[in-house]
Amino acid sequence: MGNDKFVEVKNLKKVYNNGHEAIKDVSFSVKKGDLVCLLGPSGCGKTTILNILAGLLSPTSGDILFDGKSVVKTAPKDRHIGYVFQNYSLYPHMSVLQNVMFPLVVGKNKKPKAEAKKIAEKYMKLAQISDLADQRPHNLSGGQQQRVAIARALVGEPKILLMDEPLSNLDARLRLKIREEIRSLVKEVGITTLFVTHDQEEALSIGDKIILFNDGVIQQDDLGQNFYLKPNNYFVANFVGNPVINNFKVKKDDGKIKAKDFEINVDDLDQDRFKREIPDGDYILSVRPENILPDENGGLPVHVDDIELIGRERILKFEHDGKQARSLVDLEAPIKVGDDIKLKMRLDRIFLSTPDGERVY
């Protein structure tokens, strides 16, 4: 089987006894050695998929292939996967070394203690926890516990590593550090990894690609930059991006895109970006704050209500049609609260969607 489809999910569905459809006909593949992030809001189905891949849940229908072989009817212990849970699930009465060794000293394939210890020490070194070998979990920080859980998941040398919100219990600064360490570690080991998160920044920073879910359906399966530059629909454009994207109610009429206080000639738009012919009617124009900037020749006059400092940049906040909107400007831009300015949009970076979320430009 080719390495391009080392993990393959085909037409996967999961319907619970109460009729709830957690997963609705989902298909995707993962290349060997890639770190792929399953991203989406709470309840979108991403952890359900991870549990089905692990064999902890059975699908209602569909198939899962690891390296070309179906594993739907294979017991979890025989799927050659490692699983890092959100709460780490370390044994409190065991030392770090004993926790990491544990998968190697139980079950039908258990190894001699000396061999298990040698393997455990190898992965503890990779996870930078060798000096914690004799500590108990309650003496460790959240980041240290996370490293122990990862080392324990890797000692069995699984083909696939599954990680469910592994950083959600850590503070913001530590999350940044540990996510870099996780990417470095799984790349060094060369293990195919599926990483569940609801944090788009996390997904963008470590994923070789991202699969974004909502309501049990894949919204986009793509490289990180395409979620910014080529979102499939209104949901994707709004889910990915910080500061959040601006959405303006507009109407196409008489060859123009018209909103309160501004209008755009349809002929001025890049005709190749239209996904189909768009009839006159109501649409939503979305533009990221970094693509709507102060310009004395701009077509959108605004009053600056507030300014938020975010490091090297500032967010100008203004009201349009009863809703707050934002422009992202350089730290030294000579603008202050109370100023009346004009903004100009990059027309090659705006998106047009129908009211039901279909992107048409």
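Since the model is a prediction, treat every value here as computed from it, not as a measurement.
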*Phe262 vs His320 aromatic rings, parallel, tilted or perpendicular, using cut-offs 30° and 60°?*
tilted

TODO: Give a yes or no on whether the backbone of Glu180 and the side-chain of Ser184 come within a donor-acceptor separation of less than 3.5 Å.
DONE: no

Between the CD1 atom in Ile307 and the NZ atom in Lys317, the distance rounded to the nearest 0.5 Å is 10.5 Å

Separation between CG (Leu185) and CG (Leu161), nearest 0.5 Å, reads 8.5 Å

Rounding to 0.5 Å, atoms CG (Asn247) and CD1 (Ile284) come to a distance of 6.5 Å

Check your understanding: Side-chain contact, heavy-atom cut-off 4.5 Å: Thr197 with Glu165?
Key -> yes

Residues at least two apart in sequence or cross-chain that pass salt bridge (Lys or Arg N to Asp or Glu O under 4.0 Å) with Arg175, listed by chain then number, are Asp199, Glu202

Next on the checklist: A side-chain contact here means heavy atoms from C-beta on lying under 4.5 Å apart; do Arg152 and Pro103 qualify?
Outcome noted: yes

Which of Lys256, Lys258, Lys252 passes salt bridge (charged side-chain N to carboxylate O under 4.0 Å, His left out) with Glu263? It is Lys256

Note: Asp63 and Ser70 closest approach over all heavy atoms is OD1-OG, 2.6 Å

Self-check item: Charged N-O contact under 4.0 Å between Lys323 and Asp321
Solution: no

Under 3.5 Å donor-acceptor, Arg312 side chain and Leu331 backbone: no

Next on the checklist: Under the criterion side-chain contact (heavy atoms from CB on, under 4.5 Å), I'd like the reasoning laid out for Phe6 against Asp34: C-alpha separation, chi angles, the key distance, then a yes or no.
Outcome noted: CA-CA 10 Å; Phe6 189 69; Asp34 269 5; over 6 Å; no

**Message:** Under the criterion side-chain contact (heavy atoms from CB on, under 4.5 Å), I'd like the reasoning laid out for Val236 against Phe351: C-alpha separation, chi angles, the key distance, then a yes or no.
**Reply:** CA-CA 11 Å; Val236 175; Phe351 309 116; over 6 Å; no

One should read off an interatomic distance between Lys342 NZ and Asp261 CG, to the nearest 0.5 angstrom, of 11.5 Å

- Item | Whether over 12 other heavy atoms sit under 6.0 Å from Lys10 NZ | no

Query - Met163 with Leu126, same ILVMFWY side-chain cluster at under 4.5 Å - result: yes

hydrophobic_cluster_shared for Leu343 and Val329, side chain cutoff 4.5 Å:
yes

message: Please determine whether a side-chain nitrogen of the Lys or Arg among Asp78 and Lys73 lies less than 4.0 Å from a carboxylate oxygen of the Asp or Glu.
response: no

> In terms of heavy-atom contacts, does NZ of Lys31 have more than 12 from other residues, nucleotides or ligands at under 6.0 Å?
Replying inline: no

What verdict does the side-chain contact (heavy atoms from CB on, under 4.5 Å) test give for Arg349 and Tyr228, after you've listed the backbone C-alpha separation in whole Å, the side-chain angles of each residue and the deciding distance to 0.1 Å? CA-CA 9 Å; Arg349 291 290 173 87; Tyr228 265 90; over 6 Å; no

Only residue of Leu285, Leu293, Asn291 satisfying side chain to side chain contact (heavy atoms under 4.5 Å, CB included) with Met345 is Leu285

d(Lys32 NZ, Ile160 CD1) to nearest 0.5 Å is 10.0 Å

(message) Check for me, please, whether Leu170 and Leu204 land in the same ILVMFWY cluster - side-chain distances under 4.5 Å, paths through other members count.
(response) no

Heavy atoms of Arg276 and Pro279 approach each other most closely as NH1-CD, 3.9 Å

Worksheet entry | Backbone N/O of Gly241 and side chain of Gln200: donor-acceptor pair under 3.5 Å | yes

Inset, instruction - Treat each ILVMFWY residue as a node, draw an edge where side-chain heavy atoms are under 4.5 Å apart, and state whether Leu300 and Leu328 are in one component. - result: no

Heavy-atom closest pair (Pro137 atom, Asn99 atom, distance to 0.1 Å) is CG-ND2, 3.8 Å

ask   = Would you find a donor on one side and an acceptor on the other, under 3.5 Å apart, between the side chain of Asp164 and the backbone of Gln86?
value = no

Can you confirm whether Lys344 is buried at NZ, in the sense that more than 12 heavy atoms of other residues, nucleotides or ligands lie under 6.0 Å from that atom? no

Checking the side chain of Ser327 only, and the main-chain atoms of Leu316 only, is there a donor and an acceptor separated by less than 3.5 Å? no

For Ser130, the side chain to side chain donor-acceptor pair (under 3.5 Å) test, sequence neighbours excluded, returns none

Distance col, row Asp280:CG vs Asp253:CG, nearest 0.5 angstrom, shows 5.5 Å

Minimal heavy-atom distance between Gly143 and Leu174, with the atoms involved, is N-CD2, 3.6 Å

Worksheet entry | Test log, rule side-chain contact (heavy atoms from CB on, under 4.5 Å), inputs Val266 and Ile257 | CA-CA 6 Å; Val266 173; Ile257 306 293; 4.0 Å; yes

Keeping Arg314 on the side-chain end and Ala333 on the backbone end, is there a donor-acceptor pair under 3.5 Å? yes

Determine whether a donor-acceptor pair (N or O, by modelled atom type, separation under 3.5 Å) exists between the side chain of Gln144 and the backbone of Ser141. yes

So ring pair (Phe, Tyr, Trp, His ring centres under 6.0 Å) across residues 57-88, not counting sequence neighbours, yields Tyr83-Phe85

Those residues at least two apart in sequence (or on a different chain) that pass salt bridge (Lys or Arg N to Asp or Glu O under 4.0 Å) with Glu319 are none

> More than 12 foreign heavy atoms under 6.0 Å from CD of Gln225: is that the case here?
Replying inline: yes

Original post:
For the side chain of Asn51 and the backbone of Thr48, is there at least one donor-acceptor N/O pair under 3.5 Å apart?
Top reply: no

- Query: Should Phe318 and Val337 be regarded as members of a common hydrophobic cluster, given that ILVMFWY residues are connected when their side-chain heavy atoms come within less than 4.5 Å of each other, either directly or indirectly?
  - Reply: yes

Heavy-atom closest pair (Ala120 atom, Leu97 atom, distance to 0.1 Å) is CB-CD1, 4.0 Å

Could you tell me if Asn233 and Gln219 have a donor-acceptor pair between their side chains, going purely by distance under 3.5 Å?
yes

Please evaluate residues Asp171 and Lys177 with respect to the criterion salt bridge (charged side-chain N to carboxylate O under 4.0 Å, His left out), reporting the C-alpha separation (whole Å), side-chain torsions for both, the decisive distance (0.1 Å), and the verdict.
CA-CA 10 Å; Asp171 66 58; Lys177 183 172 187 294; over 6 Å; no

Residue pairs passing the side chain to side chain donor-acceptor pair (under 3.5 Å) test with at least one member in residues 12-21, sequence neighbours excluded, are none

Look at Arg147 together with Glu181 and state whether they make a salt bridge at an N to O cut-off of under 4.0 Å. yes

query: Does a sphere of radius 6.0 Å around CD in Gln271 hold more than 12 heavy atoms from other residues, nucleotides or ligands, not counting ones at 6.0 Å or beyond?
result: yes

Using the ring centroid of each side chain, check whether Tyr361 and Tyr283 are separated by less than 6.0 Å. no

Next on the checklist: Using a strict threshold of under 4.0 Å (side-chain N to carboxylate O), is an ion pair present between Lys125 and Glu121?
Outcome noted: no

NZ/NE/NH1/NH2 to OD/OE distance under 4.0 Å, Lys249 and Asp282: no

- prompt: Is there a donor-acceptor pair closer than 3.5 Å between any side-chain N or O of Arg79 and the backbone N or O of Thr74?
  reply: yes

Sequence neighbours excluded, the answer for salt bridge (Lys or Arg N to Asp or Glu O under 4.0 Å) partners of Lys110 is none

What one should report as the nearest heavy-atom pair of Lys275 and Arg359 is CD-O, 3.2 Å

